[in-house]
Amino acid sequence: MRLTKLFGKTQREIPAEADTISHQLLLRTGMVNQVTAGVYTIMPLAWRSLKKIENIVRDEMNKADGQEITMPVLQPLELWQKSGRAEILGKTLFTFNDRREHSLILGPTHEEVVTELAARHVQSYRDLPLMVYQIQTKFRDEPRPRAGLVRLREFVMKDLYSFDVDEAGVEISYQKMLQAYENIYKRCGLKAIIVEADSGAIGGKFSHEFMLPTESGEDTVISCPKCGYTANAEKAVFNKGATKSDPPAAIEEVATPGRKTIEELEAFLKISARQTLKAVFYMADNKFVFVVIRGDLLVNEIKLKNALHCQELRLATDAEVKEQGIVAGSASPVGLKGIMVVADDSVNSGTNFIAGGNKPDLHIKNVNYPRDFHADIVADIGLAEAGSRCAKCNSKFGAVRGIEVGHIFVLGTIYSTKLGANYIDAAGVSHPIVMGCYGLGLSRLLAAAIEQHHDDKGIIWPMPIAPYQVYLCPLYREGTKVAETAEKINAELEAAGLEVLFDDRLESPGIKFNDADLYGIPLRITISPRTLEKNSVEVKWRAEKEAKIMPIEGIASVIKQMVSEKL
RNA sequence: CGGGGCGUAGCGCAGUCUGGUAGCGCGCUUGGUUCGGGACCAAGAGGUCGGCAGUUCAAACCUGCCCGCCCCGACCA
């Protein structure tokens, strides 16, 4: 490809729109063009990379016995009402009416369609196991699109659905996918961490996420350096440790003038936060919830949401707290009536806690569970952080940010039951099909790859997903031997089957080198009067500092070899 | 949806407070000189100042309403 003909120009300045590195580089290289929030046109270079990712994914899906199909973007809303997900997704679902006033949606994912498909085409245990997948554009009206291609409203995703006769069967399918995903990231030149994940509102038993570590990631990954436990912070379990466990003493009031926060209490009473109980207030589906947790811990809202089985959870407003007759800053679970109380299991980690007195400037000592207060639910609702202790080996956790580039989980029979996807076993008995689903965001993977592979000059593409393999960079003068040689080498490289981006512009060396670095094509070949004197060219990896001088004679096969080794 | 920021040429920005004929840099076009890490000279093209309404002799600038984009949070199937 000649750069003079390439659609999409580089841009020197960082676009004001973009905060995230990948977003900035995608815009500066002219790889994408924003149309509206969370919606982009994919330009030629990005399209080539996306296709390469897609082909790797497709190949691995096929190897794992997946069969490719394509399912429609347009789906009847009715189908989503049947599965109950219309309500769960709410405004995230793009909904509109057709000319007959039938409600349609733009598919945000395809569990419903594929389950109906299976209901119709799978009858017998002999039809199972079955794995079908598609690579399709999906639509989700995200509350907040973000960071260029990281969180889009229209994006390309691969999803595979597995159908098995039982739990044992789906475990095999699941393991196959786990392996396929590992292969995919590896083949794309990306380092992904596999983490235990929360499976969300419709989860099943297992769920794993694949995270590419990067600062701009949306998720926090907790990992144990010693035993290797890794999990999304949403899900991570940890050892909260015990605190002082003297025999329970009698409750006692203690004046705490002006002290409201745990820190203030620590300083004033000369005690550790671990010795206190903290109150946090939420509205769960518009019902007030009083949450109690040990003072040194934070509430994990995902865990809390799961414990409450609610759909909407948010912090209560000051007014809502007041309405319940609770004194913020001195709130206490002791003596509460008619209010839902959820306690973190850390209330059992010690005795004689300090809690609020439910009056301003007053706290109470020696509070013990369950002696002194009632909890409707006691569960693990603590948030693991860097420095928390591993539940398995008690080492200190580390934490990194990551972009979720894949999520796989066992669905069980949730959809097959609702949508009537059954099979007949050998004894003639009907059972719901056991399902799994396995998603992988391709557009997001492209962005994540740039997040993981760049420097201050630009992108550094891994060879397998680079838009082009070789950047041919003659330092030009028209009608000179350099020009002539460059043309010849370009032809030879292309004849050897290499993908060449040929910088045939009449630009100064500075501009060409800087653009080459920005584009991040893995191999750069420079031709100049200087190299021609020695009948040679200069060959440089984008990822390395030093260049090598190589003879022009036979250059195509040498380059071919170098490229192949990185594929 | 709550909080914050922004909207002026393809991109980055100034001008808005204090109303008076829209500017700078990059990029683009033409010609010339340059040529190993974002060269230089000269001449040009390019704008419904996000939209609508209002105030005014006069609005990019003041007022009101609306729209869009970005960031933090909520949310993330």
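For clarity, every value in this text was computed on a predicted model and none was experimentally measured. Naming convention: chains lettered A, B, ... in sequence-line order (proteins, then strands); numbering from 1 in each chain.
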Chemist: Is there a donor-acceptor contact under 3.5 Å linking the side chains of Y174(A) and S162(A)?
Modeler: no
Chemist: Contact between V114(A) and Y133(A) at the side-chain level, heavy atoms closer than 4.5 Å - yes or no?
Modeler: no
Chemist: Tell me the interatomic distance from R505(A), atom CZ, to rG27(B), atom P, rounded to whole angstroms.
Modeler: 12 Å
Chemist: Please name the nucleotide paired to rG46(B) by Watson-Crick or G-U wobble geometry with both distances under 3.5 Å, or report none.
Modeler: none
Chemist: Write down the distance between CD (Q11(A)) and P (rC26(B)), rounded to a whole number of angstrom.
Modeler: 15 Å
Chemist: Rounding to a whole Å, what distance do you find between D517(A):CG and rG37(B):C1'?
Modeler: 8 Å
Chemist: Would you classify L27(A) as touching base, sugar-phosphate or nothing, given that sugar-phosphate means primed atoms plus P, OP1 and OP2, and contacts are heavy atoms under 4.0 Å?
Modeler: nothing
Chemist: Which nucleotide sits closest to the side chain of P509(A): rC76(B), rG37(B), rA74(B)?
Modeler: rG37(B)
Chemist: Ignoring backbone atoms, test whether T36(A) places a side-chain nitrogen or oxygen under 4.0 Å from the OP1 or OP2 oxygen of rC69(B).
Modeler: yes
Chemist: What distance, rounded to whole Å, do you find between the two P atoms, one in rC61(B) and one in rG7(B)?
Modeler: 13 Å
Chemist: Determine whether a donor-acceptor pair (one donor, one acceptor, N or O, separation below 3.5 Å) exists between the side chain of E13(A) and the base of rG25(B).
Modeler: yes
Chemist: Side chain of E507(A), heavy atoms from C-beta onward: which of rC28(B), rG38(B), rG37(B) has the nearest atom to it?
Modeler: rC28(B)
Chemist: Look through every strand shown and name the nucleotide pairing with rC6(B) as Watson-Crick or G-U wobble, where both distances are under 3.5 Å.
Modeler: rG68(B)
Chemist: For rG20(B) versus rC52(B), give the span between their C1' atoms, rounded off to a whole number of Å.
Modeler: 24 Å
Chemist: Choose from rG25(B), rG37(B), rC26(B) the nucleotide whose nearest atom is closest to any side-chain atom of R524(A).
Modeler: rG37(B)
Chemist: Please name all residues satisfying side-chain contact (heavy atoms from CB on, under 4.5 Å) with T109(A), sequence neighbours left out, ordered by chain then number.
Modeler: W80(A), R85(A), E111(A), K138(A), R140(A), D159(A), Y161(A)
Chemist: NA contact type, D19(A), heavy-atom cut-off 4.0 Å: base, sugar-phosphate, or nothing?
Modeler: sugar-phosphate
Chemist: Counting only Watson-Crick pairs (N1-N3 plus N6-O4 or O6-N4) and G-U wobbles (N1-O2, O6-N3), all under 3.5 Å, who is the partner of rU34(B)?
Modeler: none
Chemist: From rG12(B), rG38(B), rC69(B), pick the nucleotide closest to the side chain of P15(A)?
Modeler: rG12(B)
Chemist: Please find out if less than 6.0 Å separates the ring center of F238(A) from that of F397(A).
Modeler: no
Chemist: Describe the nucleic acid contact of A147(A) in one word from base, sugar-phosphate, nothing, applying a heavy-atom distance below 4.0 Å.
Modeler: sugar-phosphate
Chemist: Less than 6.0 angstrom from the centroid, inside 45 degrees of the normal: does R48(A) satisfy that with respect to the ring of Y468(A)?
Modeler: yes
Chemist: With a 3.5 angstrom cut-off on both distances, give the Watson-Crick or G-U wobble partner of rA22(B), or none if there isn't one.
Modeler: none
Chemist: How close or far is atom C1' of rG27(B) from atom CG of D515(A), stated in whole angstroms?
Modeler: 12 Å
Chemist: Taking pairing as Watson-Crick or G-U wobble with both contacts under 3.5 Å, can you name the mate of rC76(B), or confirm there isn't one?
Modeler: none
Chemist: Can you check whether S508(A) has a side-chain N or O nearer than 4.0 Å to OP1 or OP2 of rG38(B)?
Modeler: no
Chemist: Tell me which residues in residues 528-545 of chain A lie within less than 4.0 Å of RNA chain B, going by non-hydrogen atoms.
Modeler: S528(A), R530(A), T531(A), E538(A)
Chemist: Looking at side-chain heavy atoms only, is the closest gap between I511(A) and N514(A) below 4.5 Å?
Modeler: no
Chemist: Measure from the side chain of A16(A), starting at C-beta and using heavy atoms only, and say which of rC13(B), rC69(B), rG36(B) lies closest.
Modeler: rC13(B)
Chemist: To the nearest Å, give me how far apart CG (D503(A)) and P (rC35(B)) are.
Modeler: 19 Å
Chemist: Please compare R444(A) and H23(A) by the position of their nearest nucleotide in RNA chain B and report the one closer to 5'.
Modeler: H23(A)
Chemist: Can you say whether the rings of F290(A) and F281(A) are parallel (under 30°), tilted (30 to 60°) or perpendicular (over 60°)?
Modeler: perpendicular
Chemist: Measure from the side-chain N and O atoms of S536(A) to the backbone N and O of T531(A), and report whether any donor-acceptor pair falls under 3.5 Å.
Modeler: yes
Chemist: Paired with rC62(B) by Watson-Crick or G-U wobble geometry, both distances under 3.5 Å: which nucleotide is it?
Modeler: rG54(B)
Chemist: Going by modelled atom types, is there a donor-acceptor pair between the base of rC70(B) and the side chain of R146(A) at under 3.5 Å?
Modeler: no
Chemist: Suppose you measure atom P in rA43(B) against the same atom in rA59(B); what distance do you get, rounded to whole Å?
Modeler: 34 Å
Chemist: Would you please confirm or rule out a distance under 4.0 Å between OP1 or OP2 of rC70(B) and any side-chain N or O of Q34(A)?
Modeler: yes
Chemist: Considering only the C1' atoms, how many Å lie between rA22(B) and rG46(B), rounded to the nearest integer?
Modeler: 13 Å
Chemist: Write down the distance between CG (N514(A)) and P (rA39(B)), rounded to a whole number of angstrom.
Modeler: 9 Å
Chemist: Hey, does W461(A) have a side-chain heavy atom less than 4.5 Å from the side chain of Q469(A)?
Modeler: no
Chemist: Watson-Crick or G-U wobble partner for rU16(B), using a 3.5 Å limit on both distances?
Modeler: none
Chemist: rC76(B) P sits how many Å from R401(A) CZ, rounded?
Modeler: 16 Å
Chemist: Tell me whether the OP1 or OP2 atom of rC72(B) has a side-chain N or O from R144(A) closer than 4.0 Å.
Modeler: yes
Chemist: For a quick check under 3.5 Å, do Q75(A) and H110(A) share a side-chain donor-acceptor pair by atom type?
Modeler: yes
Chemist: What does K305(A) touch in the nucleic acid at a heavy-atom separation under 4.0 angstrom: a base, only the sugar-phosphate, or nothing?
Modeler: sugar-phosphate
Chemist: Just the rounded figure in Å: distance from C1' of rA74(B) to CZ of F281(A).
Modeler: 19 Å
